[in-house]
Amino acid sequence: MSFQVFGIPVSRGVAIGRAVLVASSRVDVAHYFVDEADIPEETKRALRARDEVARELETLKQELPDDAPQELAALLDVHLMLLHDEALIDATKQWIVERHYNAEWALSAQLEVLARQFDEMEDDYLRERKADLEQVVERLLAALSSDAQGAQLGAASIVQRDFDGEDPLLLVAADVAPADMLQFKKSVFQGFITDIGGKTSHTAIVARSMDIPAVVGTREASRLIRQDDWVIIDGDVGAVIVNPSPIMLEEYRFRQRQSELERARLTRLRHTPAVTLDGERIELHANIEMPADATAAVAAGATGVGLFRSEFLFMNRGGDLPSEEEQFQAYKAAVEAMGGMPVTIRTVDVGADKPLDRMTANELRHEHVLNPAMGLRAIRWSLAEPAMFRQQLRAIYRASAFGKLRLLIPMVAHLAEIRQIQETIRRVKQQLADAGQAFTDIELGVMVEIPAAAVMLPLLLPHVDFISIGTNDLIQYTLAIDRADEAVAHLYDPWHPAVLQLISTSIAQARTAGKSVSVCGEMAGDVAFTDVLLAMGLRSFSMHPSQIPAVKQRVLRADAGRLAQALPMVLQAEDPEKAAQLAFATPGRAQ
Ligand code: PEP
Ligand code: MG
């Protein structure tokens with residue numbers, strides 16, 4: 001049966017493929033594809049695991065003390081029956097043979113299928129057997145892990161592999177931690193659907209950086225969509241169409257081809273300098289999460305990196321922090337890949353919806369920290385861990401010997417923080433000098449993403465070389481809207497007059513002070529805001545590499561002087577979005 005689920009569109013385009021439910025942390029297994037030639041061995045692994053668990057259960061049964069309650073023996077019988085049911089192992093084999101899933105993935109896929117069947121049962125007794133099935137599968141997974149070559153890959157590891165003629169795969173999950181999204185970057189998935197999340201949650205940001213269609217905040221997609229269902233993701237409007245009709249499929253395939261053509265057309269702008277009609281040169285920089293992303297940045301025509309979110313180097317390490325040497329190599333790799341163009345490294349910004357481990361924002365919110373977005377995150381965490389902070393600064397300063405680096409500090413709200421940072425920098429430079437390490441001076445910038453920083457900017461500006469406006473958090477804190485919470489996503493409004501006022505005055509004050517200013521939040525990469533940001537006097541934008549061509553096209557068609565004249569009308573309007581459409585409209589230009 002065909003049906004639709006709606007959510008928040010976070011990454012544009014159309015994806016069509018089969019659903020892969022990576023549903024719950026209960027199924028904490030590696031996902032990877034096995035080669036055709038290895039399929040017989042992989043099915044044997046599944047059978048070996050079954051035999052091992054059968055032996056385990058039989059032994060447990062035999063060793064039950066005579067006075068053990070009868071229910072225990074009966075329970076073990078139920079487990080044995082489930083284990084030998086063809087709906088489990090035979091169907092698991094089918095996932096391996098037909099879809100090339102590794103045994104763990106195949107087993108967890110089949111668990112999802114069966115768990116749903118149990119959920120739908122009328123009979124209470126039978127419905128409750130789901131827990132038994134889960135226990136049996138857990139035993140099987142444990143047995144598999146003892147001979148798994150892929151177990152060490154971790155829960156989210158899905159290794160890239162070309163499958164000519166295979167159906168594309170779309171990931172469906174209740175929630176995905178940013179750390180897992182990072183793993184998915186190397187994966188086969190061509191689209192994402194999650195129940196949780198907002199437009200600028202970090203899960204959405206990483207999905208966008210992968211440049212594949214994504215819809216978040218659907219609330220129930222992972223419950224409604226079944227393993228292997230055919231699904232269309234319409235990342236432009238936030239719709240998910242499950243089991244589409246042939247006509248729908250045809251229509252969306254057509255749209256998919258159109259958007260590919262449009263992308264190909266835009267990439268031709270790659271070497272065109274971003275200059276407005278009235279001759280203003282605009283810097284279009286890239287936001288990256290890993291040094292390897294710099295390649296995509298250069299390919300997209302970025303003229304620098306405006307935001308290297310260094311915290312992603314700190315994730316997926318089981319609590320360990322990256323060493324100074326490892327960080328140095330990463331920063332050096334990024335700066336070298338950019339070939340002389342500037343690279344802005346932001347010091348670690350963990351916390352809120354970016355925990356170090358695989359915890360999702362939702363788990364964090366409900367189980368661990370009272371109010372993570374307002375807690376010990378970003379520079380607050382760095383200053384609370386001075387040794388860790390010095391280590392990161394040393395790595396950054398050492399990398400400065402290999403190219404043009406800039407240092408950006410997240411979540412600054414107090415002058416005292418800047419003083420502490422400067423003192424730490426002075427110490428770090430002294431340490432490096434004493435050790436004979438090469439480094440150069442680096443410009444120091446702060447993110448303007450807490451309203452307090454925007455309001456007191458004239459006091460902060462004399463102490464820094466540049467500012468970067470983080471609109472994602474600035475909107476979150478100005479409007480008191482959790483950026484990762486789909487329940488209030490409709491109130492997360494970049495067009496809110498208060499938000500526009502703060503951005504506009506920050507840009508103006510930085511320019512007046514002769515300090516460079518850029519915007520690196522998601523607004524910078526959204527063409528809906530290019531005109532208004534240009535009108536405010538912004539000349540440096542930082543965004544995901546994939547967004548650069550479209551923003552550049554917008555810049556090439558803009559007259560910055562004319563836009564600036566229309567700005568007061570927009571800033572004073574009750575509905576700035578509508579006012580902008582009218583005020584910035586160019587006769588004859590399609591908006
Ligand atoms: C922002 O807040 O706008 C920003 C760029 O930082 P992050 O999204 O990583 O919090
Ligand atoms: Mg931020």
Side-chain angles (χ1 to χ4, degrees), residues 10-11 177-179 181-182 197-209 216 284-290 293 297 304-315 343-356 361 364 372-382 406-413 417 445-454 466-485 489 492-494 496 499-500 502-503 506-507 517-526 529 533 538 540-545 547 551:
V10 294
S11 187
M181 284 301 284
L182 207 59
K199 206 172 180 108
T200 60
S201 61
H202 283 90
T203 301
I205 287 176
V206 182
R208 206 151 34 237
S209 78
V216 303
L284 299 182
H285 288 175
N287 291 355
I288 66 172
E289 276 100 39
M290 284 287 170
D293 298 338
V305 167
L307 174 66
F308 179 165
R309 288 185 164 96
S310 70
E311 55 274 15
F312 283 87
L313 295 174
F314 287 61
M315 292 179 182
V343 174
T344 311
I345 299 179
R346 181 175 72 181
T347 56
V348 64
D349 180 8
V350 289
D353 70 329
K354 268 181 302 192
L356 282 180
L364 193 79
M374 295 193 182
L376 192 69
R377 59 171 288 199
I379 187 60
R380 302 165 185 181
W381 188 60
S382 296
R406 305 199 313 164
L407 179 65
L408 180 60
I409 311 290
M411 303 274 301
V412 168
E417 287 164 338
V446 291
M447 300 266 308
V448 174
E449 52 185 346
I450 297 180
F466 69 98
I467 62 162
S468 189
I469 304 174
T471 51
N472 306 336
D473 278 317
L474 189 60
I475 298 167
Q476 155 164 279
Y477 297 121
T478 304
L479 302 180
I481 296 294
D482 185 335
R483 61 195 264 193
D485 186 351
Y492 185 93
D493 180 16
H496 192 290
V499 171
L500 295 179
L502 288 177
I503 299 173
S506 298
I507 294 170
V517 45
S518 87
V519 169
C520 62
E522 297 298 299
M523 277 174 86
D526 186 339
F529 299 101
L533 292 172
L538 189 74
S540 173
F541 296 60
S542 194
M543 67 202 78
H544 301 293
Q547 296 166 323
V551 172

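All ligand and atom numbering here is 1-based and tracks the order in the structure. Just so it is clear, the structure is predicted and the values come from calculations on it, not from any experiment.
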Practice task
List the atom of S540, the atom of V517, and the distance in Å for their closest heavy-atom pair.
Solution key: CB-O, 3.6 Å

Practice task
Applying salt bridge (Lys or Arg N to Asp or Glu O under 4.0 Å), name anything that partners R346, two or more places apart in sequence or on another chain.
Solution key: E311, D349

Practice task
Give a yes or no answer on whether the side chain of N472 reaches the backbone of R483 with a donor-acceptor pair at less than 3.5 Å.
Solution key: no

Practice task
Go through the structure and list residues passing side chain to side chain donor-acceptor pair (under 3.5 Å) with T344, not counting sequence neighbours.
Solution key: R406

Handout entry: Charged N-O contact under 4.0 Å between K199 and D526
Key = no

Exercise for the section: Sum up the protein N, O or S atoms located under 2.8 Å from the Mg ion (ligand 2). Expected result: 2

Completion exercise
Heavy-atom closest pair (P494 atom, V499 atom, distance to 0.1 Å) is O-CG1, 3.6 Å

Every pair of nitrogen or oxygen atoms between ligand 1 and the protein that is under 3.5 angstrom apart - can you list them with their distances to 0.1 Å?
{"residue": "ligand 1", "atom": "2 (O)", "partner": "E449", "partner atom": "OE1", "Å": "3.0"}
{"residue": "ligand 1", "atom": "2 (O)", "partner": "D473", "partner atom": "N", "Å": "3.0"}
{"residue": "ligand 1", "atom": "2 (O)", "partner": "D473", "partner atom": "OD2", "Å": "3.0"}
{"residue": "ligand 1", "atom": "3 (O)", "partner": "G470", "partner atom": "O", "Å": "3.4"}
{"residue": "ligand 1", "atom": "3 (O)", "partner": "T471", "partner atom": "N", "Å": "3.1"}
{"residue": "ligand 1", "atom": "3 (O)", "partner": "N472", "partner atom": "N", "Å": "2.8"}
{"residue": "ligand 1", "atom": "3 (O)", "partner": "N472", "partner atom": "ND2", "Å": "3.2"}
{"residue": "ligand 1", "atom": "6 (O)", "partner": "R346", "partner atom": "NH1", "Å": "2.9"}
{"residue": "ligand 1", "atom": "8 (O)", "partner": "H202", "partner atom": "NE2", "Å": "3.3"}
{"residue": "ligand 1", "atom": "8 (O)", "partner": "R309", "partner atom": "NH2", "Å": "2.9"}
{"residue": "ligand 1", "atom": "8 (O)", "partner": "N472", "partner atom": "ND2", "Å": "2.9"}
{"residue": "ligand 1", "atom": "8 (O)", "partner": "R483", "partner atom": "NH2", "Å": "2.7"}
{"residue": "ligand 1", "atom": "9 (O)", "partner": "H202", "partner atom": "NE2", "Å": "3.0"}
{"residue": "ligand 1", "atom": "9 (O)", "partner": "R309", "partner atom": "NE", "Å": "2.7"}
{"residue": "ligand 1", "atom": "9 (O)", "partner": "R309", "partner atom": "NH2", "Å": "3.4"}
{"residue": "ligand 1", "atom": "9 (O)", "partner": "R346", "partner atom": "NH1", "Å": "3.2"}
{"residue": "ligand 1", "atom": "9 (O)", "partner": "R346", "partner atom": "NH2", "Å": "2.8"}
{"residue": "ligand 1", "atom": "9 (O)", "partner": "K354", "partner atom": "NZ", "Å": "3.1"}
{"residue": "ligand 1", "atom": "10 (O)", "partner": "H202", "partner atom": "NE2", "Å": "3.4"}
{"residue": "ligand 1", "atom": "10 (O)", "partner": "D473", "partner atom": "OD2", "Å": "3.0"}
{"residue": "ligand 1", "atom": "10 (O)", "partner": "R483", "partner atom": "NH1", "Å": "3.0"}

Exercise for the section: Using atom types as modelled and distance alone, determine if a side-chain donor or acceptor of S468 lies under 3.5 Å from a backbone N or O of M447. Expected result: no

Handout entry: Single hit among H544, E289, Q547, R309 for side-chain hydrogen bond (donor to acceptor under 3.5 Å, both in side chains) with S209
Key = E289

Handout entry: Heavy-atom closest contact (Y492 atom, T200 atom, distance)
Key = OH-OG1, 3.0 Å

